[in-house]
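In what follows, every heavy atom counts, from backbone to side chain, and hydrogens, waters and symmetry copies are set aside. Below, chain A is the first sequence line, B the second, and so on; all start at residue 1.
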There are 2 protein chains.
Amino acid sequence: MEFDDKVPIYLQIKQVIYHEMVTGKLKPGEQLPAVRQLALDLTVNVNTVQRALGTMIAEGFLVSQRGRGNFVTEDQPKIATLKQQLVQEQLATVYHELHALNLSDDEIITSVQRYVQQRGNQDDSHLND
Amino acid sequence: MEFDDKVPIYLQIKQVIYHEMVTGKLKPGEQLPAVRQLALDLTVNVNTVQRALGTMIAEGFLVSQRGRGNFVTEDQPKIATLKQQLVQEQLATVYHELHALNLSDDEIITSVQRYVQQRGNQDDSHLND
DNA sequence: CCTAGTGTTCTATTTAACTATTACAATATA
DNA sequence: TATATTGTAATAGTTAAATAGAACACTAGG
């Protein structure tokens, strides 16, 4: 996997797993691939995987069973809350950054609308294939 | 100044200066504080400042005159384009991330609207001081 | 000419992230 | 009871970012 070399890999791994939990690609109680397998999949060292998983275990999002494997928490509300947190983080970041670029509240909203609309038009172009 | 220890300081310094150029706090042709002064202001090493400025000079946003100082480019259209780029980056990032969290286009727009609205209400509360 | 204030460059250290490798601990299963 | 598979931990080495400190190069002004 390709990583952004501007942010620590273990944080990017956490982000990937968070997203898979939130989108349901990883379901509550589901077993994760073995750490050694994850290391291969992500083309990264086992220690780096372990560092990511270790913090997520400490946070209660994963449950570790020595000799068996790592599992997604069964706590579904916790996962729902996680999604809210991740969304909120993103919103706070854009808002802060666009405000720092002197965009007003209205300009922020309309710029997002325009961006989404443009993305949509791009997708439409594929219909001509 | 406080930095996010998850992203290199010299990149954060670039971001600050970019923002000051875009918002007009630093005007075209204006002289920047001396590198040693900037290092003091940002509570950072001179070399780190130099690393940030060096790349911005290479990018053409700053002009360096040995023995005199560093100056913002006189090229106003270049600065206008910079703002567009920075805004676009932010929009691309949120869109990508929120989509990865399974939000639809409409949900992305409405979530931004709700967020801005909530921020507005928070600000109103200060009027009661 | 000299000095102070600029930008620029260099070397040496420290620290955090990552890698590589090995070993250990617990579980499941043949 | 072995053996394979799992998570966990420890040690050692590499790299990039940042710091500290010194030196060099150019400009302006007394």
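A donor-acceptor contact closer than 3.5 angstrom is absent between the side chains of A:Q90 and B:Y115. Side chain to side chain, B:D105 and B:H99 meet the donor-acceptor criterion of an N or O pair below 3.5 Å.
Atom CZ in B:R66 sits roughly 12 Å away from atom C1' in D:dA23 (whole-Å rounding). Across the protein-nucleic acid pair, A:L42 atom CG and C:dT19 atom P stand 10 Å apart, rounded to whole Å. Protein atom CD of B:Q37 is 18 Å distant from nucleotide atom P of C:dA4, rounded to whole Å. Counting to the nearest Å, the C1' atom of C:dG5 and the CD atom of B:Q65 are 15 Å from each other. Between B:K6 atom NZ and D:dA16 atom C1' there is a gap of 15 Å when expressed in whole angstrom units. Here the C1' atom of nucleotide C:dA17 and the NZ atom of A:K14 are 15 Å apart, to the nearest Å. Straight-line distance from the CD atom of B:Q31 to the C1' atom of C:dT6: 9 Å, rounded to whole Å. What separates CG of A:L38 from P of C:dC18 is a distance of 16 Å, to the nearest Å.
Here C:dC18 is the nucleotide among C:dG7, D:dA18, C:dC18 with the atom lying nearest to any side-chain atom of A:Y10. Here the side chain of A:V35 is nearest to one of C:dA17, C:dG7, D:dT8, namely D:dT8. The side chain of B:S64 sits closest to C:dG7 out of C:dA17, C:dG7, D:dT19. Distance from the side chain of B:T48 is smallest for D:dA18 among the nucleotides C:dT8, C:dC18, D:dA18. Looking at the side chain of B:R68, the nearest of the listed nucleotides D:dT8, D:dA28, D:dA18 is D:dA28.
Contacts of B:D5 with the nucleic acid, taken as non-hydrogen atoms under 4.0 Å apart, are absent. Using a 4.0 Å heavy-atom distance criterion, B:R36 is classed as a base contact.
Taking CZ of A:R51 as the start and CG of A:L53 as the end, the distance is 12.5 Å to the nearest 0.5 Å.
Linking ILVMFWY side-chain heavy atoms closer than 4.5 Å, directly or via other members, places B:V63 and B:I57 in two distinct hydrophobic clusters.
Nucleotides of DNA chain D nearest to B:N45 and B:G67 differ in position, and the one nearer the 5' end is that of B:N45. Mapping B:N47 and B:N70 onto DNA chain C by nearest heavy atom places B:N70 at the nucleotide closer to the 5' end.
Salt bridge present: A:E59 and A:K14 bring a charged side-chain N and a carboxylate O closer than 4.0 Å.
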